[in-house]
Amino acid sequence: MKTSQYGVRSGVALLLAGTMYASPALAEAETVSTDEIVVTALKRGDVQLQDVASSIAVVGQETLEKRGVVEFADFARNVAGLNFIDSGAGDKRYIVRGINAAGEAQTALYYDNIPMTGIGGAASSFGGRQPDLQLYDVQQIEVLRGPQGTLYGSNSQSGVIRFVTNKARTDRFEGSAQAEVSATKDGGTNYGIRGMVNVPLVQDVLAVRIVGYSEDYSGWVDNVYRDEKDFNDTKRSGIRASFTLTPDDLTSIVGQFFYQDMETGGRAYTRPYATTIGDNFFPAIGRRATSQIGREVHDDETKIYALTADRDLDWSTLTVSGSYLDRDVIDFVDNGPSFRYFEYLQRIGEFPPVTVPIGSLSYSPQSTKMWTFETRLATKLDGPLNGVAGVFYSDRENNFETNTVVVDPITGNGDFSIPLISRRNFSDTTKDFAIFGEFTFDITEALSFTGGARWFRTKRDLLANTLVPFFGLGAPGTTSAKAKNEDVIFKAQVSYEVTPDALIYAQYAEGYRSGGTNASSFAGVPPQYDPDTTSNYEIGAKTSWADGAVILNVAAYRIDLKGLQVEQRFGPGGAFAGVGNISGTAARSKGIEADLVVKPAQGLTLQFAGNYTDAKLAKDVPDLGAAAVKGAGLSYVPKVNLSFTADQEFALTEAVEASVGFSVTHTGKIDTTYYTAFNQPSRSYTLADVRARVSWDQFKLDLYVNNLFDKAAELTVFNTINDPHVVLTNRPRTIGARLGINF
């Protein structure tokens, strides 16, 4: 049963009010310099970033706070090699190193030890719709680039994004609170209130940490059809709680609970260009406007429970972790353009003469429940050999429906008093069991070899029921399918420490992702698709210069994609999307990425992150469209991403510190489809933000302007019979302030 929205928001408000008036004793978090950043994602404890022979980007808490990061999109453009397909709040698909194709996720997402998963219902992007959890009181974000199959298994074939939250501390009481207000051009006023309190219940033994937040973001897109202003508003509230129990000096037990509810009034889809599909003309509406009859409301509720126990065995650390994810999404998508296309097909005799209503909505209630369990040993021997080995199990059940309902033209909502145009429901279960290990042997003090392997077995079961055939074309019925996949993937790496400040490495690593389910309202779409794999060849260097004042990390790679999961079109006029596989090496991604940090003067930090990605088809694939020929670029992958940030810290007085800074990011143009009639490349865009901070006593005041030049960036472009050349755009210029307190 759905949790009361009033109850959650009331609880959040009480938590935040309590933190505002708690003890004023200052407990500032320690600032970690760039060359002291540690990485936890290798599952061997904390390792300094510059000592890791791998391409990893880490964004720490201080940086997250200064830049006002509250969700994934706020930091992603500053990480080399990281992109995403944005389809709205709570609906993003992550891309690392240009590895992007339809089907299951190719980049694994973790919150601490908790694996996340996309949710069903998107016909060709089951790996999308990753949850957008709020990032207040997060210790750091780690982005591991390249396949991480040995340690992270399925869906990590291009990399891993890991959010490391702050856990309950048993040694001290502390807290923080933050209030934010901003104004968006062509939109309205935005509000946010967030807070954290950490309470030792038994000193040095038991503590609890609670984070709460409530946010209200205005829309900025107008629906001219309904004469509705700023309809795409978003409300998000939630609680994150953890407890830490340390019954002795060798044992630590951490329990966690996440709850978030997010409601949106619609996707930020705009129609800035005129287009024609069939003989239907869709006029340009505006860079921040659209025209649609149906309301595309979205409600997304996520609950996560997790428990992790660590035991120091002297020669190793034993870790046992488990989690349970429970996510429910209710989604409405306007079908107006596709129904006009069916009328066009009727006019040319390619679709039966059924009655096509003026408007309809896809109504898709979806539910995902996933259990995961992992136990592993990380050795800490005095000799040259050390590593990690473990066992992993997950059980994911997706239940979802695809319904087509007639729109009430007055309200824009679905009219459920009229018989449904179509109705199908699906139950998809995926179980994954794996045994993995990764070990490093120090041949000399400078030369090391790392080898790893993962054996896995994946089982899938699908049950699909057609209750109401699409427009009555066909008959009700049930289909089922089962699949079992078993394989071993490998990793091998050589690293050499040239000097204490320079490390070079070369590695070969494999990744895989499981097959999945085609959730389509059209029974002619195949019910399931098979796994695919990646092979990564990489060389890299981690270097530090001028006593740590300059840090330069670079990596070059080639990744081969085999058995690639791809989007295909089915049914009349190719109106229905599904996923299939391409045998052999179907695509290849080559590129280079660089991270540079320079501290040329006291208090001044300059950072550059950039990548060049050449991701292409390795052979002709005519099933994907006329433009799917050897050498064609993978869809939704820009060749170039660049970012530059500068921050200057200085003292205003003996008691008052200040800083100013700016960020500039550039994303190259993107091809969207191999169907030449529909390919509308997105334009490249450059975004700029400026910020300032004043800190005194336990207070911090941040002033900022995001999207300084008010660019309407083409984040994601869609052009299909369902979405005729629509553009998902970014938030316009937003000017705001945040007042925070630490105690």
Side-chain angles (χ1 to χ4, degrees), residues 93-97 99-109 115-120 122-128 146-160 368 370 372 392-398 426 428-436 452-462 480-491 508-519 525-536 559-568 578-589 617-619 621 623-624 634:
R93 185 182 183 94
Y94 306 139
I95 302 171
V96 176
R97 289 187 170 177
I99 304 302
N100 176 57
E104 292 276 340
Q106 292 165 290
T107 301
L109 176 66
M116 299 289 106
T117 180
I119 191 168
S124 61
S125 187
F126 208 92
Q148 308 293 326
T150 50
L151 290 182
Y152 286 93
S154 180
N155 309 116
S156 66
Q157 62 177 198
S158 69
V160 172
T368 291
M370 183 168 73
T372 64
F392 174 83
Y393 175 78
S394 71
D395 185 341
R396 183 188 71 181
E397 181 180 351
N398 284 299
F426 301 78
D428 174 74
T429 301
T430 302
K431 297 182 180 181
D432 185 25
F433 177 72
I435 301 172
F436 64 91
R454 187 183 190 98
W455 172 86
F456 65 91
R457 182 177 63 207
T458 301
K459 294 182 178 180
R460 303 197 318 276
D461 290 282
L462 169 70
S480 61
K482 294 180 181 291
K484 178 180 177 181
N485 303 103
E486 186 175 313
D487 206 347
V488 181
I489 59 173
F490 299 96
K491 174 182 177 179
Y508 169 80
E510 296 178 339
Y512 76 99
R513 61 173 169 166
S514 61
T517 300
N518 279 316
V525 176
Q528 290 193 341
Y529 48 91
D530 295 327
D532 60 8
T533 61
T534 55
S535 298
N536 179 76
I559 303 177
D560 295 337
L561 295 90
K562 302 172 184 177
L564 186 63
Q565 297 171 15
V566 293
E567 179 181 347
Q568 296 177 324
V579 179
N581 294 84
I582 302 300
S583 62
T585 301
R588 180 171 291 121
S589 179
L617 292 176
K619 62 181 180 180
V621 190
D623 289 345
L624 300 186
L634 295 186

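Worth knowing before you read on, the calculation uses all heavy atoms, side chains too, and leaves out hydrogens, waters and symmetry mates.
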Side chain to side chain contact (heavy atoms under 4.5 Å, CB included) against N581, all qualifying residues, sequence neighbours excluded | Y529, D530, Q565

Can you name the closest pair of heavy atoms from L564 and A586 and give their distance?
-> CB-CB, 3.8 Å

Run the side-chain contact (heavy atoms from CB on, under 4.5 Å) check on Q106 and R93 step by step: do they pass?
-> CA-CA 9 Å; Q106 292 165 290; R93 185 182 183 94; 3.6 Å; yes

Write down the atom of T150, the atom of A453, and the distance for their closest heavy-atom approach.
-> CG2-N, 3.6 Å

Between I489 and T533, is any pair of side-chain heavy atoms under 4.5 Å apart?
-> no

Can you tell me how far the CG atom of D395 sits from the NZ atom of K431, to the nearest 0.5 Å?
-> 5.0 Å

Mark yes or no for whether E510, through its side chain, and F490, through its backbone, hold a donor-acceptor pair below 3.5 Å.
-> yes

Atom of V621, atom of I582 and distance for their closest heavy-atom approach | CG1-CD1, 3.2 Å

Could you grab the distance from atom NZ of K562 to atom CZ of R588, nearest 0.5 Å is fine?
-> 9.0 Å

How long is the gap from OH on Y152 to CZ on F392, to the nearest 0.5 Å?
-> 11.0 Å

Using the salt bridge (charged side-chain N to carboxylate O under 4.0 Å, His left out) rule, take E104 and R460 through it: C-alpha gap first, then chi angles, then the decisive distance, then the call.
-> CA-CA 13 Å; E104 292 276 340; R460 303 197 318 276; over 6 Å; no

On the 0 to 90° scale, with breaks at 30° and 60°, tag the Y512-F456 ring pair as parallel, tilted or perpendicular.
-> parallel

Got a donor-acceptor contact below 3.5 angstrom from the R513 side chain to the N155 backbone?
-> no

Answer yes or no: is there a side-chain heavy-atom contact under 4.5 Å between L561 and D532?
-> no

Spacing of L462 atom CG and K482 atom NZ [to the nearest 0.5 Å] = 10.0 Å

Close side-chain approach of N536 to R97, heavy-atom, < 4.5 Å = yes

Over all heavy atoms of both residues, which pair between S158 and V96 is shortest? Give the atoms and the distance, please.
-> O-CG1, 3.3 Å

At their closest point, which heavy atom of G149 faces which heavy atom of R454, and how far apart are they?
-> O-CD, 2.9 Å

Validation row: K619, T585 side chains within 4.5 angstrom (heavy atoms) = no

What heavy-atom pair brings S156 and A108 nearest, and what distance separates the two atoms?
-> CB-CB, 3.8 Å

Nearest-0.5 Å distance, CD of residue E397 to OG1 of residue T430 = 10.0 Å

Within the distance-only criterion (no hydrogens, no angle test), does the side chain of S514 pair as donor or acceptor with the backbone N or O of S154 below 3.5 angstrom?
-> no

What distance separates D432 CG from S394 OG, expressed to the nearest 0.5 Å?
-> 4.5 Å

side-chain contact (heavy atoms from CB on, under 4.5 Å) between T534 and D560, intermediate numbers included | CA-CA 5 Å; T534 55; D560 295 337; over 6 Å; no

